[in-house]
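Nothing fancy with the numbering, it's 1 onward along the sequence. Just so you know, ligand 1 is whichever comes first in the structure, and atom 1 is the first atom listed for that ligand. Because the structure is a prediction, the values reported are computed rather than measured.
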Amino acid sequence: MKKEIALPDYNVELGPIGTTLAQYLAQHTYSKICVLVDEHTKLHCIPLIEEVLSGALLIEIKSGEHQKTLDSCRHIWSSMVDGKMDRHSLMINLGGGVIGDMGGYAASCYMRGIDFIQIPTTLLSQVDASVGGKLAIDFMGYKNFIGLFANPSAVLVDPSFLETLSHRELRSGYAEMIKHGLIQNKEIWDRLLGLGDWRKMDWYEEIYQSIKVKKEVVTIDPKESGLRKILNFGHTIGHAIESIALTTNQPLQHGEAIGFGMMAEAHLSVTKNGLPLEKAESILNYLKKIYTDAIIGLMRSDKKNKGGEILFALLDGIGSSTYDVTATDQEIEECLRMTHKWM
Ligand SMILES: NC(=O)c1ccc[n+]([C@@H]2O[C@H](COP(=O)([O-])OP(=O)(O)OC[C@H]3O[C@@H](n4cnc5c(N)ncnc54)[C@H](O)[C@@H]3O)[C@@H](O)[C@H]2O)c1
Ligand SMILES: [Zn+2]
């Protein structure tokens with residue numbers, strides 16, 4: 001099984017990574033190869049490619065968004081210099097969006113730019129971050145503040161990397177697949193909606209269809225001067241929710257925040273943009289089913305709670321209230337469901 005999506009300057013190859021990587025390397029000659037990993041992709045993802053990649057230099061950074069910094073780039077660049085990488089070398093970014101964004105940026109600056117390929121290993125990076133040429137690091141607390149547009153030589157996607165990903169990470173990436181359906185491709189949305197349990201989807205086919213949406217958008221508008229902005233559906237409100245959650249001890253995953261952002265912006269689409277109400281309701285119902293427990297998790301981390309119990313101040317009459325009332329997850333879910341009905 002192998003599928004290809006052609007962009008103007010490079011291809012996305014979907015298939016078993018051993019085969020697609022071996023093919024890429026057979027068609028190119030490099031003086032040296034390095035692989036950028038974090039501790040998770042070193043453990044779970046390197047085993048899938050090491051047979052094809054003997055003798056490559058391994059460069060490791062710690063996992064997480066807070067490592068997407070200039071300090072990590074300094075570590076990457078000094079490892080490349082120590083490893084005698086030159087202008088004819090290749091960098092392979094093996095990981096999620098953090099590794100892809102930062103590794104691509106580091107490769108594009110090293111000696112004014114060397115070849116790099118993206119091997120995205122999270123769902124979010126497979127359907128979203130690895131395609132479209134946006135590369136960046138965070139700076140002085142600002143996300144993606146220093147960066148550039150540069151295309152990889154190839155993007156190699158293999159859904160089997162997802163087998164070691166946590167449910168939460170997988171669900172986070174799934175929000176972007178839902179988004180791709182909603183903004184551009186009704187068939188994707190209808191298929192996902194019809195699945196029952198989304199985890200039972202045909203990953204290979206759906207990832208392919210999802211990447212195709214992103215490809216079509218970024219090909220028409222590579223630098224976000226117009227159409228590419230549709231990829232921000234759910235992100236205006238979603239980013240605000242994400243920032244607020246960051247101040248608690250249970251930050252939301254990007255996709256969880258975008259899930260709520262899409263619920264809110266589906267409502268706004270009704271009032272501002274002519275989306276029929278029943279369509280917005282089906283979007284809300286679906287997203288709520290998947291992302292409600294993330295809201296409950298966020299409530300549980302509220303400083304006002306005690307011992308993991310969620311505490312409410314509630315009314316028992318007009319002008320009369322009590323405090324420290326606990327509620328079960330089921331009761332909270334029911335109240336969110338009712339609120340949505342009233343809205
Ligand atoms: N360039 C773009 O167009 C674009 C688009 C969207 C997001 N992004 C960026 O992507 C980043 C988020 O990416 P992400 O969600 O992939 O997060 P991430 O890169 O932090 O990965 C999430 C976690 O999963 C682990 N992991 C990765 N692959 C694994 C595997 N196969 N098995 C087990 N664990 C694995 C990682 O080590 C990490 O702990 C953000 O920095 C965001 O700004 C960029
Ligand atoms: Zn996003």
> When you check the side-chain N and O atoms of S31 and D86, is any donor under 3.5 Å from an acceptor?
Replying inline: yes

> Backbone, side chain, both or neither: what part of E176 comes under 4.0 angstrom of ligand 1, heavy atoms only?
Replying inline: neither

>> Suppose I only count heavy atoms of T164 and a 4.0 Å limit; which atoms of ligand 1 are within that range?
In response: 30 (C), 31 (N), 32 (N), 33 (C)

> Any idea which atoms of ligand 1 are less than 4.0 Å away from a heavy-atom of T41?
Replying inline: 27 (C), 28 (N)

> Are H28 and H88 close enough that their ring centres sit under 6.0 Å apart?
Replying inline: no

> For ligand 1, is any non-hydrogen atom under 4.0 Å from H44's backbone (N, CA, C, O), its side chain (CB onward), both, or neither?
Replying inline: side chain

> What are the atoms of ligand 1, with element, lying closer than 4.0 Å to any heavy atom of S63?
Replying inline: 37 (O), 39 (O)

>> Just to check, does C45 reach to within less than 4.0 Å of ligand 1 when the distance is taken from its heavy atoms?
In response: yes

> Taking it one step at a time, do C73 and Y105 satisfy side chain to side chain contact (heavy atoms under 4.5 Å, CB included)?
Replying inline: CA-CA 9 Å; C73 286; Y105 172 72; 3.9 Å; yes

> Is it the side chain (CB and beyond), the backbone, both or neither of L135 that lies under 4.0 Å from ligand 1, heavy atoms counted?
Replying inline: neither

>> Would K214 count as a contact residue for ligand 1, given that I'm defining contact as a non-hydrogen atom of the residue lying under 4.0 Å from a ligand atom?
In response: yes

> With a 4.0 Å heavy-atom cut-off (strictly under), which part of L124 contacts ligand 1: side chain, backbone, both or neither?
Replying inline: side chain

>> To check your reading of the model: name the closest protein heavy atom to atom 40 (C) of ligand 1, its residue, and the distance in Å.
In response: E65 OE1, 3.1 Å

>> Between H44 and H40 (judged by ring centroids, cut-off 6.0 Å), do the two rings come close enough to count as a pair?
In response: no

> When you measure from atom 8 (N) of ligand 1 to each heavy atom in A129, S160, P120, G64, which option holds the nearest one?
Replying inline: A129

> Tell me, which N, O or S atom in E176 is closest to the Zn ion (ligand 2)?
Replying inline: OE2

>> I'd like the name of whichever of D38, D101, I99 reaches closest to atom 9 (C) of ligand 1 through any heavy atom.
In response: D101

